Amino acid sequence: MQLPKNREYKLKFYLNAKHYIIIGSEQGEIHPHTWEIQLHFGLPKSLFIEFTTIEKKIDSYFQKYQNRILNEVEPFDSIIPTLENMTDYFTEKCAEIIESVGGVLYSVETAETPTRSYCVTLDKPNNDYEIETIVDGIVKQHG
C-alpha cells in the first residue's frame, strides 16, 4: 500500500451566539445556538504544522462572534445570519486562514442543531500532487 502525499484533517469549533432572522419585514425572536463548525482541509505531507497553530488562528477568528448577537457584528449587521449565510461567509474566511499556513480547505459543515446542518464543498485536488501545486500557487500569490 502506498500512502498519499497529502494529509487530510478535520477540526471542529463551537460558536455560542444568538441571532434573529428577518423573513419579509418580520423580525424573529433573538435566540441562542451552539453552532458546530467542522472544517475539512489538506496539507502537503512535506509540510509539518502543529494542530494548535491552525486551531489558534481559527479560534481567534471566531472569538469576535462568541457570546454575541450576530446581527450586531459585521458582516451580519448587513447580511441576515442564516445558517447558510454564516457558513458561506465563514468558508471564505477559514479558507484564507488555512491557505495562510499552506493548506487547502475542502469543505465546511455547520450544524445549528444535532439534526440540522449545511455543507459547503470546495474543489478538492484530484490527486496527491495537485495539492502541492495549489499551495505553491497560493504562496506565489501572497508572496
Side-chain angles (χ1 to χ4, degrees), residues 1-23 27-143:
M1 175 177 85
Q2 184 178 7
L3 292 176
K5 297 192 184 321
N6 303 321
R7 293 187 170 136
E8 293 188 22
Y9 300 92
K10 288 185 179 180
L11 293 176
K12 289 183 182 179
F13 298 87
Y14 294 91
L15 176 59
N16 295 298
K18 297 178 181 181
H19 74 148
Y20 58 85
I21 304 298
I22 300 171
I23 299 175
Q27 178 181 317
E29 289 187 35
I30 296 174
H31 59 280
H33 285 283
T34 297
W35 284 280
E36 179 182 270
I37 303 164
Q38 180 174 268
L39 308 176
H40 177 203
F41 62 96
L43 295 170
K45 205 170 189 180
S46 60
L47 179 66
F48 176 76
I49 297 175
E50 292 183 39
F51 263 103
T52 55
T53 301
I54 297 170
E55 286 173 321
K56 285 179 184 176
K57 286 179 178 277
I58 294 170
D59 191 53
S60 176
Y61 168 75
F62 284 128
Q63 283 306 308
K64 65 182 159 192
Y65 302 105
Q66 285 289 1
N67 303 309
R68 305 277 309 270
I69 297 173
L70 296 179
N71 305 72
E72 298 174 355
V73 183
E74 189 179 10
F76 304 113
D77 56 347
S78 60
I79 299 170
I80 297 172
T82 62
L83 175 64
E84 297 82 1
N85 289 343
M86 291 170 51
T87 304
D88 291 345
Y89 183 76
F90 291 152
T91 297
E92 276 184 50
K93 297 303 176 185
C94 289
E96 291 171 7
I97 293 167
I98 291 169
E99 287 174 4
S100 77
V101 297
V104 175
L105 183 63
Y106 299 150
S107 67
V108 176
E109 180 176 343
T110 304
E112 66 180 10
T113 71
T115 61
R116 186 181 310 147
S117 60
Y118 174 72
C119 305
V120 173
T121 303
L122 305 168
D123 290 335
K124 186 175 177 183
N126 295 323
N127 60 51
D128 294 336
Y129 303 101
E130 193 172 338
I131 191 170
E132 299 262 359
T133 304
I134 291 169
V135 170
D136 287 345
I138 292 167
V139 170
K140 287 177 185 170
Q141 281 181 342
H142 301 291

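Everything numeric in this text was worked out from a predicted model, so none of it was measured. Position 1 is the first residue of the sequence; numbering continues from there. Excluded from the calculations below are hydrogen atoms, water molecules and symmetry mates; all remaining heavy atoms, backbone and side chain alike, are included.
- Atom CG of residue Leu83 and atom CD1 of residue Ile21 lie 9.0 Å apart, to the nearest 0.5 angstrom.
- Between the side chain of Ser60 and the backbone N or O of Lys57, no donor-acceptor pair lies under 3.5 Å.
- Summarising the geometry, atom OH belonging to Tyr89 is positioned 14.0 Å from atom OG1 belonging to Thr82; distances are rounded to the nearest 0.5 Å.
- Here the OG atom belonging to Ser100 is positioned 8.5 Å from the CD1 atom belonging to Ile54, to the nearest 0.5 angstrom.
- Among all heavy-atom pairs drawn from Leu43 and Gly103, the shortest one is CD2-CA, 3.4 Å.
- In this structure, Trp35 and His33 have tilted ring planes: the angle between them lies in the 30° to 60° band.
- Shown here for Leu122 and Leu105, the closest heavy-atom pair between the two residues is CD1-O, 3.4 Å.
- Remark: side-chain polar atoms of Gln66 are paired, donor with acceptor, to backbone N or O of Asn16 under 3.5 angstrom.
- With rounding to the nearest 0.5 angstrom, the CD atom of Gln27 is 10.0 Å from the CD atom of Glu29.
- Note that CG of Asp88 and NZ of Lys93 are 13.0 Å apart. Values are rounded to the nearest 0.5 Å.
- Ring centroids of Phe13 and Phe90 are separated by 6.0 Å or more, keeping the two rings apart.
- Atoms NE2 and NE2, on His19 and His31 in that order, are 3.0 Å from each other to the nearest 0.5 Å.
- Scanning all heavy atoms of the two residues, the minimum distance from Cys94 to Phe62 falls at SG-CZ, 3.9 Å.
- Between Thr110 and Glu36 the shortest side-chain heavy-atom distance does not fall below 4.5 Å.
- Taking every heavy atom of both residues into account, Ile30 and Lys18 meet most closely at CG2-CB, 3.8 Å.
- Side-chain contact between Ile98 and Ile58: present, with at least one pair of heavy atoms (C-beta onward) separated by less than 4.5 Å.
- Counting heavy atoms from C-beta outward, Asp59 and Lys56 have side chains that stay 4.5 Å or more apart.
- In this structure, the side chain of Thr87 does not engage the main chain of Glu84 through any donor-acceptor pair within 3.5 Å.
- The shortest side-chain heavy-atom distance between Leu39 and Tyr9 does not fall under the 4.5 Å cut-off.
- Considering only heavy atoms from C-beta on, Phe76 stays 4.5 Å or farther from Arg68 through its side chain.
- Residues passing the salt bridge (Lys or Arg N to Asp or Glu O under 4.0 Å) test with Glu109, sequence neighbours excluded: none.
- Inter-residue side-chain proximity for Pro81 and Asn71 is flagged as met; some heavy-atom pair is nearer than 4.5 Å.
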